[in-house]
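Values below: every heavy atom of this structure, side chains too, minus hydrogens, waters and symmetry copies.
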Amino acid sequence: MIPELGHYALILALCLAIVQATVPLAGTFTRTPAWIALARPVAWGQFLFLSLAFLALVHAFLVDDFSVRYVAQHGNTLLPEIYKISAVWGAHEGSLLLWVFILGGWTVAVSLFGRHLPDAVLARVLSVMGMISIGFLLFLLMTSNPFARVFPVPAEGGELNPLLQDPGLAVHPPMLYMGYVGMSVAFAFAISALLGGKLDAAWARWSRPWTLVAWVFLTLGIALGSWWAYYELGWGGWWFWDPVENASFMPWLAGTALIHSLAVTEKRGAFKRWTVLLALLAFSLSLLGTFLVRSGVLTSVHAFASDPARGLFILMFLMVVIGGSLLLYAIRAPDISRGGGFDILSRESLLLGNNVLLVLTTALVLLGTLAPLIYDAFGWGKISVGFPWFNTMFVTFMPLLVVLMGAGPLTRWKHQDPAMLARRLKLALLISIGGGIITALPWLSGSLAAGFAVALSLWLLTTLFASLRQRLQHKPGLRGLVQDFNSRGGRSYYGMLLAHLGVAVFIIGVTFVSQFDIEEDVRMSPGQEYQMGDYRFRFEGAKTVDGPNYRARRGTLRVFRGEREVALLHPEKRTYTVQTRPMTEAGIEPGLLRDIYVSLGEPLGNGDWSLRLYYKPMVRWIWLGCLFMAAGGGLAASDPRYRQLLRRSRRSGDLPAAAQGAGSHA
Amino acid sequence: MRATRKKRLYLVLLMVVGIGVAVGFALNAFNQNLMFFYSPSEVAAGKAPAAHAFRLGGLVTEGSVQRQANGLTVRFDVTDNAKTVTVEYTGILPDLFREGQGIVAHGQLRSDGVFVADEVLAKHDENYMPPEVAKALEEAHEEGKASMPPGKTTP
């Protein structure tokens, strides 16, 4: 009964989505206030029904209702409670339901926090989000109904993929989806501005905090996925340039370009057309990501064996969204007014460089990801693009971005005197080059790459420090800092500082782990010792242990440095009872400066095992850097000027004066 | 006004040249990093390059996995049900590697015709067949070479 209610709720949500997509939008053209006012209650209604549907599926998993096919495929009575819930989004149908549920959540959030927006703008934004919702609900109901029944009812479920039975992965998809779907808000703002024909700095200010929040979720989602791959797949890598990883990385790159170009549009009124285009691009890439993951067209760890009808639907949806929005752009773009001019050397031009580099790398990742499909379609052979290519591309282009990133905050808007900038940057340049050379000295690391990475990180650190000092010139001491932090635009600035610091941390992590890690596959008998680098590994054999829904062979290793024991590790090889597939659970001793990582290979007879031993210096800095970036984004999104806007407009009840003023000079 | 125009022109020129160089470099590197896929039948027909790495895919022949007594070197046969290629790999095989399972190996052909793999991939979903492998099996079957029925080819 409850699954049918869930199904019914989905159909009602679709009906409301259709109303939400059409009536308020028509109202903005015919200027009918009653129709415009319909947008918010309908959005809430839609979200209510989506929540009911989502809860119905969660309920079906919790009570092990195997008469529902999706639950029968991915649920199991033995699953721990938390994985019964995460199993809801463990496969295709449920994860789409999560997608559209999150979309409903974002829509409601926009309708609540967007009360300061002019009614017509809000109505258009909600309508566009309604259209996206229609697409996904139709997809769910037509090709992938999560509530479909199965007969005869199986006695036991097929269980969630054991790889996904992990706390990290239980939260990874919702985070990533929050980011993907959050990009739809920036998209909806862009489309509504194109529809309304009014694209000004106020528009940039409205969509900026939303884009930042979506970007924060995307950053966290990607970092979580990378961390999960590191400890769960058992081969110690943290990024594989897998098509699906790329699918989440492309919207991230485009989104990063977007938050920087939105800053220019808000502050200077420039880059308006470009910003709109980026907003369309970021969301289109999010949709493409969904398509790549769900259609199974690419060889990937994430690919599900799936039905071609689904791929076709998403492909058509993708074409409608991208084609439609580009058409609208083509019609409206000529009406968009020109922005403020700027010199060759100015913060605008450096941010333009940032955007060019980010879009270029997005295009390269897109090329590398889609090339196998293109080659196959033209009959040029079946290929894959080796990950060394992706690495080369990033090692080539990202340092340029970092150089710009350091200089940007020290450069003035509109016009910058080159001699003055050179004076400001001189010390930073000396320190970073010096630091780099010292690091690369043969008796320190002897690695050019490490020296280069240290130089880039020092460049970011010193320029950020110089920019902070310049900013606090007239606000001395800690009190000045606190005062500046709380000022209008303060959190934006400190958010930027934190996020760029995260990049410095990330560079160090990535370079050091790739330069200095040690990896060895060895065969060990119980009691045998093996020396690797500074560490001595003693294998003490493996024995069988039972988990709730699996049986494992658990190895014991003691790791010594000199005579001191530094770690006791228990890597496991699990066999899950239902899916009967082996799974490696690595034994990891984490640390800020190094991880020691061991995974079990296979039993080789006589108690011997093949083992994979790793020493991974500074690998944690990769995710630490991502956390800094995300925290910086969150800080920037919480800037008081977005809230002041809210308060002021609530008082006066119409368009905020500041936004109007900013719009008029654009 | 003219001065601004001129400046803007320089900026645009600078960008176009920069992007041009970057794209040229990227595409050149791209061509060198392309990794082609060959089925055992294609390898047997001599279509695979001798001095260049490529990917080989197919099913692991039942009963073919041999482990050397000391060390970690494994030998097994990969087949598309028409032709078979022997693969040698030193290291730890992925969890889902087993006989009868579809795999993709990455490596190079040695002069004795053995494919020396530096990486072996088996996919995480056991019902999932890498599309290249599924297609290679289908082709081998269609060409009438197959005496055995094709293996598990899920959509």
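- No side-chain heavy atom of B:Ile92 sits under 4.5 Å from any side-chain heavy atom of A:Leu600.
- The two residues B:Arg67 and A:Leu604 come nearest to each other via the heavy atoms CD-CD2, 3.4 Å.
- Proximity to chain A is absent for every atom of B:Leu14, based on heavy atoms less than 4.5 angstrom apart.
- Within a 6.0 Å sphere centred on CZ of A:Arg551, other residues, nucleotides and ligands contribute 12 heavy atoms or fewer.
- Heavy-atom distances place the side chain of A:Thr392, and not its backbone, under 4.5 Å from chain B.
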List the atom pairs, donor and acceptor, that lie under 3.5 Å between side-chain atoms in residues 349-357 of chain A and the rest of the protein, sequence neighbours left out.
from	atom 1	to	atom 2	distance (Å)
A:Ser349	OG	A:Ile344	O	2.6
A:Ser349	OG	A:Ser346	N	3.1
A:Ser349	OG	A:Ser346	O	2.9
A:Asn355	OD1	A:Trp274	NE1	2.8
A:Asn355	ND2	A:Leu351	O	3.1

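- Between B:Leu34 and A:Ile383, the shortest heavy-atom distance links the atoms CD2-CD1, 3.5 Å.
- Of the atoms belonging to A:Phe390, not a single heavy atom falls under 4.5 Å from chain B.
- Contact count versus chain A (heavy atoms, under 4.5 Å) is highest, among B:Phe54, B:Tyr10, B:Tyr38, B:Phe25, for B:Phe25.
- For A:Phe387, no part lies near chain B; criterion is any non-hydrogen pair under 4.5 Å.
- The nearest pair of heavy atoms linking B:Phe30 to A:Ala371 is CZ-CB, 3.5 Å.
- To the nearest 0.5 Å, atoms CG (B:Asn31) and CH2 (A:Trp389) are separated by 10.5 Å.
- The shortest distance between side-chain heavy atoms of A:Asp521 and B:Thr90 does not fall below 4.5 Å.
- Contact of B:Glu42 with chain A is not made at all, since no heavy-atom distance falls under 4.5 Å.
- Residues forming a ring-ring contact (aromatic ring centres under 6.0 Å, His included) with B:Phe36 (at least two apart in sequence, or on another chain): none.
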